[in-house]
Student: 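Sharing a structure with you now.
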Amino acid sequence: MRVVIVGAGQAGAALAAKLRALGHTGEIVMIGDEPSPPYQRPPLSKAYLLGEMEEERLWLRSAEFYAENNITLRLGQKVTAISPAAKTVTLGDEVLSYDHLALTTGSTPRILPAAMGGTLQGVYAVRTLADVDAMRGEFQPGRRAVIVGGGYIGLEAAAVAAKLGVHATVLEMAPRILQRVAAPETSAYVAALHRSHGVEILEETGLDRLLGETRVTGVLLANGTELPADFVITGVGILPNDQLAAAAGLTINNGIETDAQGRTSDPAIWSAGDCASFPYRGSRIRLESVGNAIDQAETVAANILGQGKDYQAKPWFWSDQFDLKLQIAGLNSGYDRIVTRPSEGASVSFWYYRGDELLAVDAMNDPRAYMVGKRLIEAGKSPSPELLAQTPELKDLLKA
């Protein structure tokens with residue numbers, strides 16, 4: 001049985017490794033359009049951009065691992081078509097057959113349109129090794145960077161810029177940074193941290209366009225103000241890479257639609273990672289995180305081999321900015337109350353509730369709060385907001 005995996009990122013690598021770990025002896029072919037073997041993406045906007053990590057340390061597995069496990073890597077190659085009826089994929093002039101196909105195609109950053117200056121030189125997004133390699137030389141002391149978008153990627157890039165002596169300005173159209181993903185308390189904490197390091201944060205500030213003839217020289221704000229810029233980083237969200245699946249006639253619904261086991265609308269085609277949406281607590285979601293990519297891909301591997309397991313998502317995320325390690329457990333959608341728990345020093349955690357149900361926790365340099373919150377959420381336990389606020393030792397909540 002030949003399994004073809006399209007997409008050589010975190011999900012694809014996890015799927016291939018799990019197939020072998022579960023005893024699959026048939027052929028595994030993993031196809032990726034980047035020249036590097038599967039690698040971690042989160043450090044790109046952190047340690048790698050800072051110059052604190054070499055490329056080889058980003059790799060998820062050594063080159064020897066794939067050879068030893070008889071996993072064929074087809075790197076720097078792009079799948080241009082899928083034929084579900086023939087059970088083939090097309091790479092250039094080559095047609096490759098499959099028994100099972102897994103789409104782990106990931107996502108792509110939204111880019112500013114050319115009419116807004118998005119194609120000028122000196123404008124970057126943060127997604128691939130090539131993206132970060134292209135921008136690393138821009139981070140020189142005394143230069144000015146404008147970051148468009150106050151989400152995690154933009155803020156991590158701003159933190160790196162400030163650490164390297166670059167004057168960073170973050171533009172956020174919404175009333176506050178992180179508005180789509182975090183409570184006002186978390187937004188305020190992170191904004192104060194950045195401002196204390198010299199980052200300028202402009203909230204409720206729209207972008208009209210980027211300025212420059214061939215290379216960006218500044219930005220024009222919606223209010224008519226012009227800001228100089230030596231380079232610009234955009235962090236305005238990502239889009240699932242579902243074009244191949246759509247062209248093949250698979251059902252698209254906020255990404256590639258899968259059932260609870262990771263199967264698409266074609267029974268021989270599966271999907272996992274950023275590109276896939278799946279059932280979750282009565283709704284359908286798509287998660288953009290390392291944990292989801294690994295766990296979902298490993299579930300798909302088991303189901304390709306006939307185990308019939310439903311994927312049980314356990315969402316968690318993290319972000320490193322300056323000396324802050326922000327750890328997040330759960331999904332805060334629909335929250336109506338925040339409980340704040342201070343810890344030692346500047347550490348604090350914010351707990352999201354909907355009524356009496358604990359949904360999520362944001363832990364700011366507070367790993368104990370993160371671990372307790374994660375265990376409570378995954379166990380379906382919800383201490384009352386009053387009990388959470390009053391219990392001196394968080395770990396005691398696990399005994400309740």
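Since we're looking at a predicted model, the values are computed, not measured.
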Student: Cut-off 3.5 Å, side chains only: do T264 and D266 have a donor facing an acceptor?
Tutor: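 Checked: T264/D266 side chains show no N/O donor-acceptor pair below 3.5 Å.
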
Student: Indicate the ring-plane relationship of F350 and Y189, choosing parallel, tilted or perpendicular according to the 30° and 60° boundaries.
Tutor: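 Correct class here is perpendicular.
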
Student: Check whether any side-chain heavy atom of T299 lies under 4.5 Å from a side-chain heavy atom of W270, and answer yes or no.
Tutor: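 Result no, sub-4.5 Å side-chain heavy-atom pair not found.
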
Student: Heavy-atom distance under 4.5 Å between the side chains of I269 and S271, does that happen here?
Tutor: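 No, their side chains stay 4.5 Å or more apart.
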
Student: Cation-pi check, R136 to Y48: give yes when NZ or CZ is under 6.0 Å from the six-membered ring centre and within 45° of the ring axis, no otherwise.
Tutor: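 That pair qualifies as a cation-pi contact.
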
Student: May I ask you to test the L227-T169 pair for a side-chain heavy-atom distance under 4.5 Å?
Tutor: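 They are in side-chain contact.
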
Student: Applying side-chain contact (heavy atoms from CB on, under 4.5 Å) to Y152 and V181, what does each step give before you reach the verdict?
Tutor: CA-CA 9 Å; Y152 288 120; V181 294; 3.6 Å; yes

Student: Give the minimum heavy-atom separation between L359 and G334, together with the two atoms involved.
Tutor: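 Answer, listing the atom of L359 first, then G334: CD1-C, 4.2 Å.
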
Student: I want to know whether Y311 and F278 have ring centres closer than 6.0 Å.
Tutor: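 Yes: the rings meet the under 6.0 Å criterion.
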
Student: Verify the cluster assignment for V348 and V372: are they in a single hydrophobic cluster under the rule of side-chain heavy atoms below 4.5 Å apart?
Tutor: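 Hydrophobic grouping puts V348 apart from V372.
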
Student: At what distance, to the nearest 0.5 angstrom, does SG of C275 lie from CG of L239?
Tutor: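 One gets 12.5 Å once the value is rounded to the nearest 0.5 Å.
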
Student: L129 and Y39: which non-hydrogen atoms are nearest, and at how many Å?
Tutor: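 Heavy-atom minimum between the residues: N-OH, 3.0 Å.
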
Student: Checking side-chain polar atoms at under 3.5 Å, does S187 have a donor or acceptor matched by the opposite partner on R176?
Tutor: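 A donor-acceptor contact under 3.5 Å links the two side chains.
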
Student: So W318 and V290, side-chain contact (heavy atoms from CB on, under 4.5 Å) or not? Walk me through it.
Tutor: CA-CA 10 Å; W318 83 95; V290 168; 4.2 Å; yes

Student: Are S97 and R2 close enough that a side-chain donor and a side-chain acceptor fall under 3.5 Å?
Tutor: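 Yes.
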
Student: Please determine which of D242, N241, I31 meets the side-chain contact (heavy atoms from CB on, under 4.5 Å) test together with T105.
Tutor: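 Output: one option passes, namely N241.
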
Student: Which heavy-atom pair separates H197 from A162 by the least distance, and what is that distance?
Tutor: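 Looking at all heavy atoms of both residues, the closest pair is O-CB, 4.0 Å.
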
Student: Report, as yes or no, whether the 6.0 Å neighbourhood of atom NZ on K325 holds more than 12 heavy atoms from other residues, nucleotides or ligands.
Tutor: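 Counting neighbours around NZ of K325, more than 12 heavy atoms of other residues, nucleotides or ligands fall under 6.0 Å, so yes.
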
Student: How far apart are the closest heavy atoms of S333 and R354, and which atoms are they?
Tutor: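 The answer is O-NH1, 3.5 Å.
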
Student: Taking all heavy atoms of E172 and all of G151, pick out the closest pair and write down the distance.
Tutor: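 Heavy atoms of E172 and G151 come nearest at OE1-N, 4.4 Å.
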
Student: Can L202 and V170 be said to form a side-chain contact (heavy atoms from CB on, under 4.5 Å), step by step?
Tutor: CA-CA 6 Å; L202 303 179; V170 176; over 6 Å; no

Student: Check the side chains of R263 and T258 for a donor-acceptor pair under 3.5 angstrom, ignoring hydrogens and angles.
Tutor: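 Side-chain D/A pair, T258 to R263: absent.
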
Student: Would you call Q327 and N365 a side-chain contact if the rule is heavy atoms closer than 4.5 Å?
Tutor: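 Not in contact.
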
Student: Please determine whether the number of non-hydrogen atoms from other residues, nucleotides or ligands lying under 6.0 Å from atom CD1 of I338 exceeds 12.
Tutor: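 Result for CD1/I338: enclosed.
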
Student: Would the F231 and F139 ring centres measure less than 6.0 Å apart?
Tutor: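 Yes; F139 has its ring centre under 6.0 Å from that of F231.
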
Student: Give a yes-or-no answer on whether the side chains of S382 and D356 include a donor-acceptor pair shorter than 3.5 Å.
Tutor: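 There is no such pair between these side chains.
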
Student: Side chains of R110 and I238, heavy atoms from C-beta outward: is any pair under 4.5 Å?
Tutor: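 Of all side-chain heavy-atom pairs linking I238 with R110, none is under 4.5 Å.
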
Student: Can I get a per-line list of side-chain donor-acceptor pairs under 3.5 Å for residues 49-58, giving both atom names and the distance, sequence neighbours left out?
Tutor:
residue, atom, partner, partner atom, Å
E55, OE2, S36, OG, 2.9
E55, OE2, W59, NE1, 3.4
R57, NH1, E52, O, 3.3

Student: Take E386 and R337 through the test salt bridge (Lys or Arg N to Asp or Glu O under 4.0 Å) and record every step on the way to the result.
Tutor: CA-CA 12 Å; E386 294 74 21; R337 181 175 181 180; 3.3 Å; yes

Student: Quick one: are L171 and L221 in side-chain contact, heavy atoms under 4.5 Å?
Tutor: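 Contact flag for L171/L221 side chains = yes.
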
Student: Hey, mind stepping through K399 and D396 against side-chain contact (heavy atoms from CB on, under 4.5 Å) and telling me if it holds?
Tutor: CA-CA 5 Å; K399 304 171 186 174; D396 292 340; 3.4 Å; yes

Student: Going by atom types alone, do E203 and T205 pair a side-chain donor with an acceptor below 3.5 Å?
Tutor: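 Per modelled atom types, E203 and T205 side chains form no pair under 3.5 Å.
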
Student: Counting only heavy atoms not in R20, do more than 12 fall under 6.0 Å of its CZ?
Tutor: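 Atom CZ in R20 is crowded, with more than 12 foreign heavy atoms closer than 6.0 Å.
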
Student: What pairs with K46 under salt bridge (charged side-chain N to carboxylate O under 4.0 Å, His left out), at least two apart in sequence or on another chain?
Tutor: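 K46 satisfies salt bridge (charged side-chain N to carboxylate O under 4.0 Å, His left out) with E156 once adjacent residues are dropped.
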
Student: I'd like to know whether CD of E94 has more than 12 heavy-atom contacts from other residues, nucleotides or ligands below 6.0 angstrom.
Tutor: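 Yes, the 6.0 Å shell around CD holds more than 12 heavy atoms from other groups.
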
Student: Any side-chain to backbone donor/acceptor pair from N254 onto S277? Under 3.5 Å, distance only.
Tutor: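 The answer is no, because no donor-acceptor pair under 3.5 Å joins these two groups.
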
Student: Within the 3.5 Å criterion, strictly below it, is a donor on N292 or Q296 matched to an acceptor on the partner's side chain?
Tutor: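 Looking only at side-chain atoms, Q296 and N292 do form a donor-acceptor pair, the distance falling under 3.5 Å.
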
Student: Is it true that L287 and I153 fall in one hydrophobic cluster, defined by side-chain heavy atoms closer than 4.5 Å?
Tutor: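 As far as the 4.5 Å side-chain criterion goes, I153 and L287 are connected within one cluster.
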
Student: Please say whether more than 12 non-hydrogen atoms of neighbouring residues, nucleotides or ligands are located less than 6.0 Å from CZ in R375.
Tutor: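 Atom CZ in R375 is not packed in, count stays at 12 or less.
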
Student: Can you tell me how far apart OG1 (T88) and CG (L96) are? Round to the nearest 0.5 Å.
Tutor: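 If we round to the nearest 0.5 Å, T88:OG1 and L96:CG are 8.5 Å apart.
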
Student: Does the Y98 side chain pair with the main chain of I5, one donor and one acceptor, at a distance under 3.5 Å?
Tutor: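 Looks like no, no N/O pair under 3.5 Å.
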
Student: Tell me whether D259 contacts the main-chain N or O of G262 through its side chain, where contact means a donor paired with an acceptor under 3.5 Å.
Tutor: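 Indeed, once roles are kept as given, a pair shorter than 3.5 Å links the two residues.
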
Student: Hey, which of K78, R127, R41, R74 is the one that makes salt bridge (Lys or Arg N to Asp or Glu O under 4.0 Å) with E34?
Tutor: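 Running salt bridge (Lys or Arg N to Asp or Glu O under 4.0 Å) over K78, R127, R41, R74 with E34 returns exactly one hit, R41.
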
Student: Looking only at side-chain N and O atoms, does S107 offer a donor or acceptor that is under 3.5 Å from a partner on D274?
Tutor: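 Indeed, the side chains of D274 and S107 share at least one donor-acceptor pair under 3.5 Å.
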
Student: Is the closest side-chain heavy-atom distance between M173 and E204 below 4.5 Å?
Tutor: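 No, their side chains stay 4.5 Å or more apart.
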
Student: Looking only at heavy atoms, what is the nearest atom pair of W316 and G291, with distance?
Tutor: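 Scanning both residues, the minimum pair turns out to be CZ2-CA, 3.6 Å.
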
